Amino acid sequence: MKFWLMKTEPDVYSIDDLKRDNTVQWEGIRNYQARNFMMNDMALGDKVLFYHSNTTPPGVVGLAEVCKLAYPDYFAWDVDSKYFDPKSTKENPRWFMVDIAYKGHLKSPVSLDAIKKEPSLIDMLVIRRGMRLSIQPVTQFEYNKIIKMGAK
DNA sequence: GCCAACGTTGGC
DNA sequence: GCCAACGTTGGC
């Protein structure tokens, strides 16, 4: 079992949207490192910290779980989609996505600032300067710690 | 809305 | 295969 942090802009898709939808296709990932995590490393049941970026304050707001293994991101084939990529074909798909399922809100969101201030979370990628990856691996300890902090 | 940091593209 | 130009991310 692995643990992940997945970023989203709440204006685009929030934890409340996920609660309403129950599951969602994580389309639109156009970064090879993030794609490779989905394609190669994610397994059914992997745990996800759901993170709101580009908002005030940024931070982890809820929990989710991988509920469908990586499959081609067909938005890349749709000329009308903002995720269209002519270099991704049905014969040779370049981009992949997984589905994730809602698992709950944190009672209190764990802000980026709170993560920075927690000494035991010093190694979390999300607080590393210049870190823009929208899908990041986290350790089991980090995952549990965030849940603990968010339960208050 | 600014801009630093970073990834990707494409000319050479 | 280098690297400048460009686009995007995301905190502030």
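This is a predicted model, so every value here is computed, not measured. Throughout, a chain's letter reflects where its sequence line sits, starting with A, and its residues are numbered from 1.
Looking at residues two or more places apart in sequence or on another chain, you find a ring-ring contact (aromatic ring centres under 6.0 Å, His included) between A/Tyr32 and A/Trp95. Qualifying side chain to side chain contact (heavy atoms under 4.5 Å, CB included) partners for A/Pro93, counting only residues two or more places apart in sequence or in other chains: A/Pro72, A/Trp77, A/Ser88, A/Phe96. A/Leu125 is linked by a side chain to side chain contact (heavy atoms under 4.5 Å, CB included) to A/Arg128, A/Met131, A/Gln136, A/Pro137, counting only residues two or more places apart in sequence or in another chain. In this structure, A/Tyr51 has no ring-ring contact (aromatic ring centres under 6.0 Å, His included) partners at least two apart in sequence or on a different chain.
Of the residues near DNA chain B, A/Asn31 and A/Lys87, the one whose nearest nucleotide (by heavy atom distance) lies more toward the 5' end is A/Asn31. Along DNA chain B, the nucleotide nearest A/Gly130 and the nucleotide nearest A/Arg94 are compared for position; the residue whose nucleotide lies closer to the 5' end is A/Gly130.
Listed by first and then second residue, the salt bridge (charged side-chain N to carboxylate O under 4.0 Å, His left out) pairs that reach into residues 48-60 of chain A come to none, sequence neighbours excluded.
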Practice prompt. Let me have a per-nucleotide readout for nucleotides 6-12 of chain C, 5' to 3', with B, S or -, counting only protein heavy atoms under 4.0 Å.
Written response: -BBBBBS

